[in-house]
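The first residue in the sequence is number 1, and the count goes up from there. Owing to the predicted nature of the structure, the values given are computational and were not obtained by experimental measurement.
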Amino acid sequence: MPKSKNYAFIDAQNLYLGVKGQGWDIDYLKFRLYLRNKYQVSKTFLFIGFIPENQDLYKTLQEYGYICDFKPTLPIKDKVTGKVSYKGNVDAELVLEAMIQLNNYEKAVIVTSDGDFACLVKYLSKIDKLSKVITTHAKYSSLLRQFASFITPVKLIKDKIKKGHSRKL
């Protein structure tokens, strides 16, 4: 089988929060292997906010084969609980990288539920470069609904990529 040149572009926070919101954790190695085996993805770009304390996570993701594109984050303190969370806006960078890489891949897999990516999905579909959109939340943006034929909700592949689950890919 010839080596595929399909690429995946992942909104990491959207993926993480999407599966957490559904009550489970993703196994990032299983997900990387799933993308490779199901969609012949040879390069997987992960757009992620950089938090210095997460160095071990970033190292592990890179060992799994993810190409991590780090973005600065802003701390956001919850006014009620005082808990600090971080926001890293990756939308523009993901779209830009998908366009920079356009001539280097045959098809793209986009992983998000965010309607901000509808313009990218529309363009890739128009030029026959869109393979799949894996939506990360139970309810994804209505702006993506026109691409229903390309959409696979992450919950449908949960048994293949859930942390701690041993089902063979």
Evaluation steps, side-chain hydrogen bond (donor to acceptor under 3.5 Å, both in side chains), between S113 and T136: CA-CA 5 Å; S113 287; T136 57; 3.2 Å; yes

Under the salt bridge (Lys or Arg N to Asp or Glu O under 4.0 Å) rule, collect the residues that match up with [X], sequence neighbours excluded.
X: K20; value: D25
X: D69; value: K71
X: D56; value: none
X: D91; value: none

For side-chain contact (heavy atoms from CB on, under 4.5 Å), just list the numbers for I76 and V84, CA-CA rounded to whole Å, side-chain angles, deciding distance to a tenth of an Å, and then say yes or no. CA-CA 5 Å; I76 301 169; V84 176; over 6 Å; no

According to a hydrophobic-cluster definition based on side-chain heavy atoms being under 4.5 Å apart (Ile, Leu, Val, Met, Phe, Trp, Tyr only), do [X] and [Y] belong together?
X: F31; Y: I151; value: no
X: L33; Y: W24; value: yes
X: V133; Y: V41; value: no
X: L46; Y: V19; value: yes
X: I51; Y: Y28; value: yes

Check whether the ring centres of Y58 and F50 lie less than 6.0 Å apart, and answer yes or no. yes

In Å and rounded to the nearest 0.5 Å, what is the [atom1] to [atom2] distance from [X] to [Y]?
X: I67; Y: L61; atom1: CD1; atom2: CG; value: 12.5 Å
X: D11; Y: I110; atom1: CG; atom2: CD1; value: 10.5 Å
X: D116; Y: T112; atom1: CG; atom2: OG1; value: 8.0 Å
X: Q22; Y: L17; atom1: CD; atom2: CG; value: 11.5 Å
X: L57; Y: N54; atom1: CG; atom2: CG; value: 5.5 Å
X: N37; Y: Q40; atom1: CG; atom2: CD; value: 8.5 Å

Remaining members of hydrophobic cluster (4.5 Å side-chain criterion), L96: I100

Is there a side-chain contact between V154 and T135, using heavy atoms and a 4.5 Å cut-off? no

Is the shortest heavy-atom distance from the side chain of N14 to the side chain of H137 under 4.5 Å? yes

Specify the closest pair of heavy atoms between [X] and [Y], including all atoms of both residues, with the distance to one decimal.
X: V90; Y: I48; answer: CG1-N, 3.9 Å
X: F47; Y: E93; answer: CE2-O, 3.6 Å
X: L144; Y: Y140; answer: CB-CD1, 3.9 Å
X: E106; Y: N6; answer: CB-OD1, 3.6 Å
X: L94; Y: I10; answer: CD1-C, 3.7 Å
X: R32; Y: S42; answer: NH2-O, 3.4 Å

Would you please classify the geometry between the Y39 ring and the Y34 ring as parallel, tilted or perpendicular, with 30° and 60° separating the classes? perpendicular

May I ask you to decide if the ring planes of Y7 and Y105 are parallel, tilted or perpendicular, using 30° and 60° as cut-offs? tilted

Hey, is OH on Y16 packed in by over 12 heavy atoms from elsewhere, all under 6.0 Å? no

Verdict with reasoning, I134 to L35, per side-chain contact (heavy atoms from CB on, under 4.5 Å): CA-CA 10 Å; I134 299 176; L35 292 171; 3.9 Å; yes

Are any side-chain N or O atoms of D114 and backbone N or O atoms of F117, one a donor and one an acceptor, separated by less than 3.5 Å? no

May I have all residue pairs that pass side chain to side chain donor-acceptor pair (under 3.5 Å) and include part of residues 121-131, sequence neighbours excluded? K107-D128

Give the intermediate values and the outcome of side-chain contact (heavy atoms from CB on, under 4.5 Å) for residues L29 and T60. CA-CA 9 Å; L29 178 57; T60 300; over 6 Å; no

